[in-house]
Structures are given as structure tokens and as C-alpha cells.
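See below for the structure under consideration.
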Number of protein chains: 2
Amino acid sequence: MMDLGPRRMTTEARRAQLLAFGRQHFAEHGYEALPMDAIAERAGVSKGLLYHYFGNQRGFYMETVRAVTDEVIAITEPPADQPFEQAFRVMVTRFVGYVQEHGAIYNALVRGGLGSDIEVNELIDRVRTTTTSRILERLRVRQPSALSEIAIYGWVGLIENGCAEWTVTGGASPSQLIDFFISAFEPVLEVLQSEQCS
Amino acid sequence: MMDLGPRRMTTEARRAQLLAFGRQHFAEHGYEALPMDAIAERAGVSKGLLYHYFGNQRGFYMETVRAVTDEVIAITEPPADQPFEQAFRVMVTRFVGYVQEHGAIYNALVRGGLGSDIEVNELIDRVRTTTTSRILERLRVRQPSALSEIAIYGWVGLIENGCAEWTVTGGASPSQLIDFFISAFEPVLEVLQSEQCS
DNA sequence: GGCTATTATTGACGATTCGTCAATAGCTAT
DNA sequence: ATAGCTATTGACGAATCGTCAATAATAGCC
């Protein structure tokens with residue numbers, strides 16, 4: 001129902017193919033909307049194969065989510081050879097670009113569709129914590145206060161939710177979004193600066 | 001295992017009791033960590049009773065989530081007899097207060113723990129959309145642009161994620177949080193104002 | 001080009017869980 | 001007390017999960 005390739009593949013190729021399928025599938029139907037039998041049929045393989053590669057239903061879902069979040073984390077790495085303001089803009093721009101390109105999947109998988117249990121949420125949360133530490137690093141904040149971390153972490157939630165809403169409503173240009181996200185960071189910067197002094 | 005009341009209760013009382021239990025249960029274990037048999041046993045009732053009241057497993061979970069989100073929506077209603085700035089601060093303060101009081105449950109249920117499918121997410125999203133429209137109303141914005149809505153909606157994500165992180169790390173006072181959340185709204189206001197003119 | 005070893009792949013199976021429903025039992029009112 | 005109403009139960013069939021021995025497609029060797 002989707003295969004088209006040879007019946008027997010190398011483990012790596014098959015794994016990649018199944019993950020690519022999982023991305024589409026889970027974006028469309030949620031985790032657990034369809035039983036594993038049906039998922040396997042749609043993927044063009046037997047149920048046993050899915051269990052062989054991913055252990056269980058949650059395993060398949062988690063690895064799919066991990067593939068997406070890893071991608072986001074990799075793409076939004078701020079360039080190290082630029083001053084903060086510039087690197088920061090690059091990061092935001094790349095994030096918005098990713099959402100623009102993979103909108104439906106991003107929205108359904110990372111924020112909208114699901115997040116069925118604690119382990120999955122920790123996976124998704126890794127995007128937020130990684131971004132937070134990257135910003136703290138680039139600003140040379142050694143021992144951030146609780147409020148600082150909350151502020152940055154909250155700002156990441158702002159761009160996540162903003163982008164998620166954007167994928168649904170549309171109607172704003174990427175540059176408008178990017179400019180707003182950057183301006184929304186100013187209050188965060190103020191919190192950070194007010195603490196650098198103390 | 002939890003009951004203590006009479007064996008037979010009025011439908012309303014039983015319903016309320018089960019929802020109260022569900023809140024604790026789902027906050028601790030996620031949706032679907034335990035089978036319905038075990039959940040019923042912990043609640044001190046039969047499995048059949050849970051199905052009688054809530055239809056199915058998802059039904060029980062959804063109604064529990066709905067109870068929490070309804071509560072949040074009710075509590076954060078901005079007072080109508082005050083100017084915007086004041087009403088806005090009241091709204092934020094009440095939200096932070098709610099999280100401070102029901103931290104674990106809020107975090108686990110609304111953001112952290114789960115959100116297992118599309119319907120549940122729509123339920124949780126209602127908090128964000130309601131807050132967004134309330135703000136637009138209070139600011140007398142009749143036909144908001146896409147960017148305006150995204151900005152406000154994103155800001156709601158900021159306070160949600162900020163509060164969620166706060167429940168985990170602690171370490172900041174409520175007033176610090178509130179002040180930051182309010183200052184973080186300034187860039188949103190700027191977006192709104194720049195469009196009022198056009 | 002056939003043959004064999006390797007291993008990717010399958011589908012039937014037992015175990016678990018879901019959701020139903022006729023039967024039960026606790027409360028209220030007369 | 002007793003009868004009627006209905007909240008509550010637990011055993012049942014259907015569906016789904018996850019396993020595992022059997023299968024078959026490929027690659028390498030002669």
C-alpha cells in the first residue's frame with residue numbers, strides 16, 4: 001500500500017522508510033487512532049515487522065517523534081561564528097522556515113496531535129530545554145536564576161504556540177512572524193540584564 | 001481504596017467524586033498507563049461504573065481534562081468593571097495563583113503529562129483561544145489581523161510554558177512571574193497598536 | 001548458474017484489555 | 001415492612017497487543 005521497493009531491504013533502509021511513513025501517518029491520524037494491524041497494512045508491511053523494529057506501539061511513535069525533534073534541534077543550531085543578535089535571528093528564522101516547510105507535520109506531531117505520555121513529552125521538551133541552554137550559553141550567562149530560565153523557556157513556548165497557530169490560520173508573512181518573535185524576546189533580555197548586575 | 005462514602009450515591013455526587021479521583025489519578029499516572037480495571041479498583045468502584053458514567057476510557061480522561069480547563073477558564077475571567085491594564089493584571093495573577101495552588105495537576109494534566117489525541121488537544125486549546133478572544137474584546141479590536149491573533153496566542157503559550165517550568169524548578173516568586181508575564185505582553189501590544197492605525 | 005547460509009519478514013497464536021449488558025443490591029417513599 | 005426505582009456490579013464476547021517459530025528473499029561462494 002506504500003512500499004514499491006524490494007520486498008526485503010537492509011535494516012537501515014527499512015527503518016528509515018518506516019520512520020518516514022510514521023511521520024506521515026501519525027501526523028494524519030494520532031497515536032493509537034488505528035490499531036497496529038491497520039498501521040502495518042498501510043505501511044505495506046506485516047505487523048510483526050513493526051514490532052521487530054520498534055518493540056511496541058509506543059516505541060514506533062516515540063522514535064518517529066524523536067526523528068522530528070532531532071531534526072528541529074539540528075536545524076535551529078545558532079551559528080557559532082556570529083554575534084548574538086545575528087545568530088539569534090538566524091535561529092528564529094530557521095525555526096520559522098522549518099515550520100513553514102513541514103507545517104502540518106510539525107503542528108500535528110510536536111504540538112497539536114499528541115504527546116501521549118510522559119516519555120514523549122520529555123522528548124518534545126528537549127527542544128525547549130536545548131534552545132534555552134543555547135541562548136544562555138551564547139549570552140555567557142553562567143549561573144542563570146530560576147526566573148531567567150523560566151523567561152527563556154516561556155519565550156520558546158511563545159514561538160512554538162505562535163507557529164502552531166500560524167500553521168492553522170496562516171495570513172501572516174514569515175518575516176512578520178520573525179520580527180515579532182525577536183521583539184518578544186526583549187522583555188526576556190531585560191530580565192537577564194537586571195540579574196547580571198546583582 | 002478511596003471511597004469511604006456510602007455504597008450508593010446520587011449520580012451527581014458520584015460523578016463529582018469520580019472526576020475528583022480522575023484528576024489525581026491522571027496527574028500521577030498518565031492516560032492509559034493503567035487499564036480501566038485497575039483504575040476502577042483504585043477509585044473503589046467497579047469497572048462497569050466508570051463505563052456507565054463516562055462511556056469509555058477516553059471519555060473519562062476527557063471529562064477530567066474538561067473539568068480542569070473549565071476551572072482555569074472560569075478563574076481567569078478578567079473583571080469587566082475595570083480598565084484593561086488592571087483587568088489584565090488580575091487575569092494573569094489569577095492564572096499564576098491557580099498554577100501555584102494546583103501546580104502538579106495543572107502541569108501533568110494540561111501540559112506535561114499528556115494530551116493524547118486531537119479531541120483532548122482541542123479541549124486544552126480552548127483555554128488559549130478563550131484568553132485570546134477575551135483580550136481582543138477588552139481592547140476593542142473588532143477585526144484582528146492574523147498576526148495579532150498569533151501574537152496573543154503565542155503570549156498565552158509563554159505564560160503556560162513559563163508556569164509549567166515554574167512548577168518544576170520553582171525558585172521564583174509569584175510576583176516576579178506576574179511582572180515578567182505582563183512585561184512580555186508589551187511587544188504584543190505594539191503589534192496590536194501598529195495595526196489599529198492602518 | 002545453482003547452492004547454501006544468513007537474516008529480513010511473516011502470520012497465527014496466547015494473553016491482555018476494552019466495552020456491554022443482564023442481573024444484583026442499596027436507597028427512598030409509602 | 002415492603003415495593004419500586006435505579007445505582008452498581010462482574011462475567012462475558014470482541015478486539016487488540018506483543019511474541020515466536022516458520023518462511024522466504026537476498027548475498028556470497030564454488
Side-chain angles (χ1 to χ4, degrees), chain A residues 1-22 25-26 28-66 113-114 116-120, chain B residues 1-22 25-26 28-66 113-114 116-120:
Chain A
M1 212 148 216
M2 180 194 174
D3 198 317
L4 293 165
R7 303 205 179 291
R8 183 189 173 120
M9 305 169 70
T10 65
T11 50
E12 287 176 28
R14 177 66 84 187
R15 191 184 181 74
Q17 183 216 17
L18 290 176
L19 283 175
F21 165 80
H25 171 81
F26 288 123
E28 187 174 356
H29 318 84
Y31 168 62
E32 281 218 315
L34 276 72
M36 281 295 258
D37 311 35
I39 295 176
E41 192 186 355
R42 288 175 58 92
V45 297
S46 72
K47 182 177 58 163
L49 197 68
L50 284 181
Y51 280 96
H52 174 69
Y53 275 92
F54 304 106
N56 55 28
Q57 197 169 10
R58 171 183 301 179
F60 185 32
Y61 177 62
M62 278 193 57
E63 299 232 29
T64 303
V65 173
R66 177 185 291 278
L114 357 118
S116 58
D117 55 49
I118 291 165
E119 287 182 75
V120 174
Chain B
M1 212 148 215
M2 180 192 174
D3 199 318
L4 294 166
R7 305 204 179 289
R8 182 190 174 122
M9 306 169 69
T10 66
T11 50
E12 287 175 29
R14 177 66 84 187
R15 192 185 181 74
Q17 183 216 17
L18 290 176
L19 282 176
F21 165 80
H25 171 81
F26 288 123
E28 187 174 355
H29 319 84
Y31 169 61
E32 281 218 314
L34 276 73
M36 281 295 258
D37 311 37
I39 295 177
E41 192 186 354
R42 287 175 59 91
V45 297
S46 72
K47 182 176 59 162
L49 196 68
L50 284 181
Y51 281 96
H52 174 68
Y53 276 92
F54 304 107
N56 56 28
Q57 197 169 8
R58 171 183 300 179
F60 185 32
Y61 178 61
M62 279 193 55
E63 298 232 30
T64 303
V65 173
R66 177 185 291 277
L114 356 116
S116 58
D117 56 47
I118 291 166
E119 287 182 76
V120 174

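All chains are named by letter (A, B, ...) in the order of the sequence lines, taking the proteins before the strands, and each is independently numbered beginning at 1. The structure presented is a predicted model; accordingly, all values stated were derived computationally and were not measured.
- Residues passing the side chain to side chain donor-acceptor pair (under 3.5 Å) test with A:Arg66, sequence neighbours excluded: none.
- Using a 30° and 60° split on the angle between ring planes, B:Phe26 and B:Tyr61 fall in the perpendicular class, above 60°.
- Every residue meeting the side chain to side chain donor-acceptor pair (under 3.5 Å) condition with B:Glu119, not counting sequence neighbours, appears here in chain and number order: B:Arg58.
- Within the model, atoms CZ of B:Arg14 and CG of B:Leu49 stand 5.5 Å from one another, a figure rounded to the nearest 0.5 Å.
- Rounded to a whole Å, the CD atom of A:Gln57 is 13 Å from the C1' atom of D:dA15.
- Partners of B:Ala16 under the side chain to side chain contact (heavy atoms under 4.5 Å, CB included) rule, at least two apart in sequence or in another chain, do not exist in this structure.
- Note: A:His25 NE2 to A:Leu18 CG = 12.0 Å, rounded to the nearest 0.5 Å.
- Between A:Tyr31 atom OH and D:dC17 atom C1' there is a gap of 11 Å when expressed in whole angstrom units.
- Counting to the nearest Å, the P atom of C:dT17 and the CG atom of A:Asn56 are 14 Å from each other.
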Quick test: give all pairs of protein nitrogen or oxygen and nucleotides 3-7 of chain D nitrogen or oxygen below 3.5 Å, distance rounded to 0.1 Å.
{"from": "D:dT6", "atom 1": "O4'", "to": "B:Arg8", "atom 2": "NH2", "distance (Å)": "3.3"}
{"from": "D:dT6", "atom 1": "O2", "to": "B:Arg8", "atom 2": "NH1", "distance (Å)": "2.9"}
{"from": "D:dT6", "atom 1": "O2", "to": "B:Arg8", "atom 2": "NH2", "distance (Å)": "2.8"}
{"from": "D:dA7", "atom 1": "O4'", "to": "B:Arg8", "atom 2": "NE", "distance (Å)": "3.4"}
{"from": "D:dA7", "atom 1": "O4'", "to": "B:Arg8", "atom 2": "NH2", "distance (Å)": "3.3"}
{"from": "D:dA7", "atom 1": "O3'", "to": "B:Met9", "atom 2": "O", "distance (Å)": "3.2"}

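- A distance of 9.0 Å separates CG in B:Leu34 from CD in B:Glu28, rounded to the nearest 0.5 Å.
- The side chain to side chain contact (heavy atoms under 4.5 Å, CB included) search around B:Tyr51 returns B:Met36, B:Lys47, B:Asn56, not counting sequence neighbours.
- For the side chain to side chain donor-acceptor pair (under 3.5 Å) test, residues two or more places apart in sequence or in another chain that qualify with B:Glu63 are B:Arg15.
- The base of D:dG10 does not come close enough to the side chain of B:Lys47 for any donor and acceptor atom to sit less than 3.5 Å apart.
- For the side chain to side chain contact (heavy atoms under 4.5 Å, CB included) test, residues two or more places apart in sequence or in another chain that qualify with A:Ala33 are A:His29.
- Atom-to-atom, CD of B:Glu41 to C1' of D:dG10 comes out at 13 Å; the value is rounded to the nearest Å.
- Non-hydrogen atoms lying under 4.0 Å from DNA chain C are contributed by B:Pro35, B:Met36, B:Asp37, all within residues 32-39 of chain B.
- Atom CD1 of A:Ile39 sits about 7.0 Å away from atom CZ of A:Phe21, to the nearest 0.5 Å.
- As rounded to whole Å, 11 Å separates atom P of C:dT9 from atom CZ of A:Phe54.
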Distances under 3.5 Å between protein N/O atoms and the N/O atoms of nucleotides 21-24 of chain C, please, pair by pair.
none

